[in-house]
Amino acid sequence: MDPYLHQQSGTPPPFLTKSMEASAAEKAPATASGGTRRVLLFPLPFQGHLNPMLQLADVLHARGLRVTVFHAAFNAPDRVAGYHFVPVGAGVPTADLVPTGSNADFAGALLRINERLQGPFEDSLREVLQEEEDHEGARPACLVLDSNLRSMQVVADRLGVPTLVLRTGGAACLVAYMAFPALCDKGLLPPQDHSQLNLPLDDLPPLRLQDMVFSTTTPHETMTTCLERIVESAKCSSGVILNTFNDLEGVELRKIIDGVGVPVYAIGPLYKISSGVKSSLLSSDQTCLDWLDKQEAKSVLFVSFGSLASMDQEELVETAWGLANSRMPFLWVIRPDAVHGSGNVGLPDGFEEETQGTGMVVSWAPQQDVLGHQAIGGFWTHNGWNSTLESICEGVPMICRPHFADQMINARYVEEVWKVGFELEGKLERGNIERGIRKLLCEEGGEMRRRADDLKDKATRCIKKGGSSQTMVDLLVNCIMSLPSSISMGLV
Ligand code: UDP
């Protein structure tokens with residue numbers, strides 16, 4: 001039996017002890033109104049991080065908590081009525097804080113964001129705490145921060161504000177990050193030569209060494225520091241919140257609990273339990289939904305590589321002809337910055353004529369609605385965690401083409417653990433692409449879709465009353481409500 005798929009839906013998560021279960025059952029109704037405590041949140045200013053944090057804010061707000069969102073002044077999220085928004089770091093130089101394209105040094109940018117926003121955040125947090133005190137309001141219950149913002153956690157600790165950490169990636173990814181130092185100690189990372197890349201990692205099945213090479217442009221020391229801080233943020237928090245669910249990653253969640261020593265709340269899929277709030281940094285082209293209405297059920301391939309990944313011009317041309325030659329309907333998202341090093345997207349001559357009626361290209365799509373549309377038969381994705389989770393929760397099988405960071409880990413799980421897709425390996429070349437599309441939509445896709453539908457059912461059950469994620473939300477709210485309210489602020 002597949003060790004990853006044996007858990008029965010609806011059974012309590014293995015990490016939910018009897019006393020925790022009782023606590024969730026007893027206390028949740030009492031705290032359902034949530035009182036009037038305020039929760040502070042600080043997302044990382046990137047699309048794949050803003051959405052889950054705002055969805056979490058929405059879930060907590062619905063339980064009666066008041067919400068203040070600190071956010072970087074650049075890539076600011078859309079404002080949500082009823083929340084208090086506090087921009088941080090207006091005026092700080094941002095040119096090297098926003099990674100551009102798949103070859104960018106993301107880890108370096110993360111460290112710089114921490115360094116540059118820490119001082120301004122301290123000023124803003126002091127102000128917010130002082131305002132609450134001036135108005136004799138209850139102290140904020142806690143700060144929920146993105147796990148990439150360790151420096152902001154240090155500030156919160158200094159000012160006596162308890163922290164919870166939101167991991168916007170999957171559980172398998174955090175497990176891999178926790179194992180990173182040991183792989184370095186063993187001399188496996190960074191890999192010494194190309195032949196090592198295929199090496200299976202015995203403690204992290206089904207991952208291989210190559211899945212742990214998060215970027216080819218980031219120096220090893222920068223990567224090590226960046227991952228260390230993520231794990232540190234989890235260990236130094238009052239709890240770790242993950243946008244995943246027990247039936248999907250129960251084994252990995254268990255490993256996290258054993259490793260971090262603080263409570264772990266797997267409350268995903270967040271987009272399914274919030275009221276649909278999201279913050280699009282680009283505006284979505286809704287007309288693609290009308291176009292999808294006219295397509296046959298499960299016939300269309302959705303192609304999108306998230307908000308940051310990019311390709312070169314030659315890959316774009318090969319992708320275009322691969323899609324056209326497959327003769328399958330497609331909806332392709334090409335962001336204005338989709339081709340690295342160029343502000344222009346040059347689709348090849350003749351492509352538009354060739355695909356008229358069968359294909360549609362947009363610069364940004366309402367992705368969750370698209371994946372949930374009955375016309376979608378498959379998703380060619382870069383496997384960012386949100387995209388992977390959204391595809392699973394809508395029962396859509398995937399062609400995986402990971403670019404960097406956790407995407408290789410997610411793609412590996414899609415192919416080897418959940419078996420709801422496969423990786424498109426090798427050079428991005430039209431023949432290869434055409435074969436991949438046919439494999440997904442015409443050949444092996446049926447079986448993968450059946451498994452994806454099964455996971456979709458499990459996701460649907462876990463967010464219902466008594467389901468694992470719903471129970472975890474109750475426990476999380478209880479935890480927030482019971483965090484100490486009168487710690488000395490340390491304001492000086
Ligand atoms: N997304 C979207 N429209 C698009 C492409 C992406 O709304 O055309 C959303 C998608 O639903 C997901 C997020 O952007 O929630 C991308 O996050 P992910 O973790 O998949 O990738 P990242 O952008 O962080 O690489």
Side-chain angles (χ1 to χ4, degrees), residues 43-56 58 75 77-78 98-104 106-107 109-110 146-148 166-170 172-174 214-215 242-244 268-274 276-289 291-292 300-311 330-338 340 345 360-373 376 379-394 396 398-411 413-414 421:
L44 194 69
F46 300 118
Q47 189 68 68
H49 296 252
L50 288 167
N51 281 354
M53 186 65 92
L54 288 173
Q55 287 152 1
L56 174 62
D58 190 54
N75 280 358
D78 301 333
V98 185
T100 46
S102 291
N103 298 329
F106 283 86
L110 290 175
D146 189 286
S147 64
N148 289 287
L166 174 65
R167 273 295 306 154
T168 58
C173 165
L174 184 53
F214 301 108
S215 154
L242 285 117
N243 188 15
T244 187
L270 272 163
Y271 82 101
K272 289 282 186 190
I273 60 171
S274 67
V277 60
K278 52 183 173 258
S279 189
S280 245
L281 296 174
L282 293 167
S283 69
S284 314
D285 185 336
Q286 300 287 328
T287 61
C288 61
L289 295 174
W291 183 80
L292 285 175
V300 178
L301 181 73
F302 178 49
V303 185
S304 168
F305 306 115
S307 60
L308 297 165
S310 63
M311 48 175 65
F330 64 85
L331 171 61
W332 183 11
V333 178
I334 310 182
R335 295 187 328 270
D337 60 348
H340 34 245
V345 171
M360 182 170 189
V361 174
V362 294
S363 55
W364 192 250
Q367 181 168 303
Q368 292 155 10
D369 298 331
V370 166
L371 287 170
H373 196 286
I376 295 296
F379 183 17
W380 179 4
T381 171
H382 72 309
N383 288 113
W385 179 247
N386 295 287
S387 295
T388 305
L389 190 65
E390 289 160 14
S391 200
I392 285 172
C393 294
E394 302 302 340
V396 177
M398 288 165 256
I399 296 176
C400 306
R401 184 80 184 179
H403 289 231
F404 54 84
D406 61 337
Q407 297 160 16
M408 288 81 71
I409 296 172
N410 302 335
Y413 269 67
V414 166

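Just so you know, ligand 1 is whichever comes first in the structure, and atom 1 is the first atom listed for that ligand.
Contacts of W364 classified as side-chain hydrogen bond (donor to acceptor under 3.5 Å, both in side chains), with partners at least two apart in sequence or in another chain: S280. A search for side-chain hydrogen bond (donor to acceptor under 3.5 Å, both in side chains) contacts involving D406 returns N410, not counting sequence neighbours.
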Test log, rule side-chain contact (heavy atoms from CB on, under 4.5 Å), inputs N243 and L56: CA-CA 9 Å; N243 188 15; L56 174 62; over 6 Å; no

N383/T381 under side chain to side chain donor-acceptor pair (under 3.5 Å): CA gap, chis, key distance, verdict: CA-CA 5 Å; N383 288 113; T381 171; 4.5 Å; no

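The aromatic rings of F106 and F404 lie parallel to each other, with less than 30° between the two planes, well short of the 60° mark.
Counting heavy atoms closer than 4.0 Å to ligand 1, residue S387 contributes atoms from both its backbone and its side chain. When non-hydrogen atoms are compared, ligand 1 lies under 4.0 Å from the backbone of N386 as well as from its side chain. Neither the backbone nor the side chain of H49 has any atom closer than 4.0 Å to an atom of ligand 1 (non-hydrogen atoms only).
In terms of modelled atom types and a separation under 3.5 Å, the side chain of Q47 and the main chain of L281 share a donor-acceptor contact. Under the 3.5 Å distance criterion, the side-chain polar atoms of T244 are left unmatched by any main-chain donor or acceptor of G268. Side chain of R335 to backbone of A309: a donor-acceptor contact under 3.5 angstrom is found.
Short contacts between ligand 1 and S307, defined as distances under 4.0 Å to a heavy atom of the residue, involve ligand atoms 22 (P), 23 (O). Close contacts between ligand 1 and G384 involve ligand atoms 18 (P), 19 (O), 20 (O), 21 (O) [criterion: under 4.0 Å to a heavy atom]. Each of the atoms 5 (C) of ligand 1 lies under 4.0 Å from some heavy atom of S304. Those atoms of ligand 1 that come under 4.0 Å of a heavy atom in G306, given as number and element, are 23 (O). Of all the atoms in ligand 1, the ones that sit under 4.0 Å from a non-hydrogen atom of N51 are 15 (O). Remark: ligand 1 atoms within the under-4.0 Å shell around heavy atoms of V333 are 8 (O). Remark: ligand 1 atoms within the under-4.0 Å shell around heavy atoms of W385 are 19 (O).
Between C173 and R167 there is a side-chain heavy-atom pair separated by less than 4.5 Å.
Around atom 15 (O) of ligand 1, the closest heavy atom drawn from H403, Q367, E390, R335 belongs to E390. Of the candidates G48, A309, S391, G48 brings a heavy atom nearest to atom 24 (O) of ligand 1.
In terms of polar-atom proximity, P366 is not counted as a contact of ligand 1, lacking any N or O under 3.5 Å from an N or O of the ligand. Any N or O atom pair closer than 3.5 Å counts here, and Q47 shares no such pair with ligand 1.
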